[in-house]
Amino acid sequence: SLAGNQTFASMDGNTNSPFYLQLAAGKLTFTQRSSDSTGASITQVIGPTAVTGEWYHVVGVYNTATSTIQLYVNGISQGTATYSSGWAASGHTTIGRAKFTSQVDFVNGAIDDAHFYDRAITPSEVVTLRGPFGAYWAFDAGSGTTAADSTGNTNTGTLQAAAGWTTGKIGTNALNLNGTSTSYVDVNS
C-alpha cells in the first residue's frame, strides 16, 4: 500500500524518531527532526512517487561534516538538504516502523536487507550497496529486433520500427535511433 506514512528504518526517541527513511504521501523520503518534541521542525529530501509491486533501493545519509542529509533511490541521488540539528535518540533501532508524536508509522509492504553505518557513506558506496543492476542492455546484438537483458533477467527490449543497429564504441554494436516517434526500444518488464 502507498497510503499514509510508512517508515522503513529509524530509531526510537521518547516522542519522535530522529530520522525516517520512509514513504510519505506516496513518495520515497528521508526526513530528519530537529528534536524529540512534538513541535520539532523537519528537514526532508523527497524522492520519486513509489509504485506498488516495485522494489526500491532506498538510502538516507546524514553527513555531520557537511551538515547535510541526502536521499538515494536505486543508486541515484534525489538531492540534499542542509541539516545541522541532529540529536541522539535513546531508544532502539527499528526496521519497519518509527515514532511520531508517540504514534507509530508501520510499513505495509516488504523490506529486504537493511544496513546501518556509523558514518556517512559515499556515493560510490551507495552504488555498490545497490548491487547488481535490475536490467542492463549492452546493445551488442547487431541484428534482429530484440535487445537482450545482459543481467540474465527477462527485461528483453523490442526495437520499434525505425530503431536499428550501428557500430558500437563499447562492445561490437550499438543501438541506432533517428529521433522519431518510431525510433525507440520498448521493454515490457
Is there side-chain contact between Leu71 and Val59, with at least one heavy-atom pair below 4.5 Å? no
Apply side chain to side chain donor-acceptor pair (under 3.5 Å) to Gln70 and list each qualifying residue two or more places apart in sequence or on a separate chain. Tyr72, Ser77
Taking the side chain as every heavy atom from C-beta outward, state whether Leu129 and Ile121 have any atom pair closer than 4.5 Å. yes
Taking only residues two or more places apart in sequence or in another chain, which ones pass ring pair (Phe, Tyr, Trp, His ring centres under 6.0 Å) with Tyr83? Tyr62
Results of side chain to side chain donor-acceptor pair (under 3.5 Å) for Ser90 - residues two or more places apart only: none
Which atom pair, heavy atoms only, marks the closest approach of Ile95 to Ile111? CG2-CD1, 4.0 Å
Scan residues 63-91 for pairs that pass salt bridge (charged side-chain N to carboxylate O under 4.0 Å, His left out), counting only residues two or more places apart or in two chains. none
Under 3.5 Å, is there a donor-acceptor pair linking the side chains of Gln44 and Thr31? yes
Does any donor atom in the side chain of Thr49 or Lys27 lie under 3.5 Å from an acceptor atom in the other side chain? yes
In the hydrophobic clustering (ILVMFWY, side-chain contacts below 4.5 Å, transitive), which residues join Trp55, or is it alone? none
Nearest heavy-atom pair of Ala81 and Thr43: which atoms, and what distance? CB-CG2, 3.6 Å
Taking side chain as C-beta onward, heavy atoms only, is Ile69 less than 4.5 Å from Gln32? yes
Hey, could you give me the CG/OG1 distance between Asp186 and Thr146, rounded to the nearest 0.5 Å? 12.5 Å
Test your reading of the model: is there a side-chain donor-acceptor pair from Ser17 to the backbone of Lys99, 3.5 Å cut-off? yes
Taking all non-hydrogen atoms of both residues into account, name the closest pair between Val107 and Thr7 and its distance. CG2-O, 3.0 Å
Interatomic distance, CG@Asp112 vs NE2@His57, rounded to 0.5 Å, equals 10.5 Å
Side-chain donor-acceptor distances from residues 159-174 under 3.5 Å, at least two apart:
unit_1, atom_1, unit_2, atom_2, d
Gln160, NE2, Thr158, O, 3.1
Trp165, NE1, Gly144, O, 3.0
Asn173, ND2, Asp140, O, 3.0

Scan residues 93-126 for pairs that pass ring-ring contact (aromatic ring centres under 6.0 Å, His included), counting only residues two or more places apart or in two chains. none
Compare every heavy atom of Leu23 with every heavy atom of Ala50, then report the nearest pair and how far apart it is. CB-CD1, 3.7 Å
Ignoring hydrogens and angles, state whether a donor on the side chain of Ser10 or Thr94 is under 3.5 Å from an acceptor on the partner side chain. no
Atom of Thr29, atom of Ala24 and distance for their closest heavy-atom approach: OG1-CB, 4.0 Å
Please identify each residue that fulfils salt bridge (Lys or Arg N to Asp or Glu O under 4.0 Å) with Asp12, with sequence neighbours left out. Arg97
Salt bridge (charged side-chain N to carboxylate O under 4.0 Å, His left out) pairs touching residues 28-47, sequence neighbours excluded, are none
Work out which heavy atom in Val185 is nearest to a heavy atom in Phe139; give both atom names and the distance. CG2-CE2, 4.3 Å
Just by distance, do the side chain of Gln78 and the backbone of Ile46 share a donor-acceptor pair under 3.5 Å? no
Can you tell me if Glu125 and Thr128 form a side-chain donor-acceptor pair at under 3.5 Å? no
Step-by-step side chain to side chain donor-acceptor pair (under 3.5 Å) determination, Thr80 to Thr68: CA-CA 6 Å; Thr80 61; Thr68 58; 5.9 Å; no
Report yes or no: do Val73 and Leu21 belong to one cluster of Ile/Leu/Val/Met/Phe/Trp/Tyr joined by side chain heavy-atom distances under 4.5 Å? yes
Side-chain contact, heavy-atom cut-off 4.5 Å: Leu2 with Thr52? yes
Which residues pass the side chain to side chain donor-acceptor pair (under 3.5 Å) test with His92, not counting sequence neighbours? none
Heavy atoms, side chains only, cut-off 4.5 Å: are Met11 and Thr93 in contact? yes
Scan residues 3-31 for pairs that pass ring-ring contact (aromatic ring centres under 6.0 Å, His included), counting only residues two or more places apart or in two chains. none
With sequence neighbours excluded, give me every salt bridge (charged side-chain N to carboxylate O under 4.0 Å, His left out) pair touching residues 62-72. none
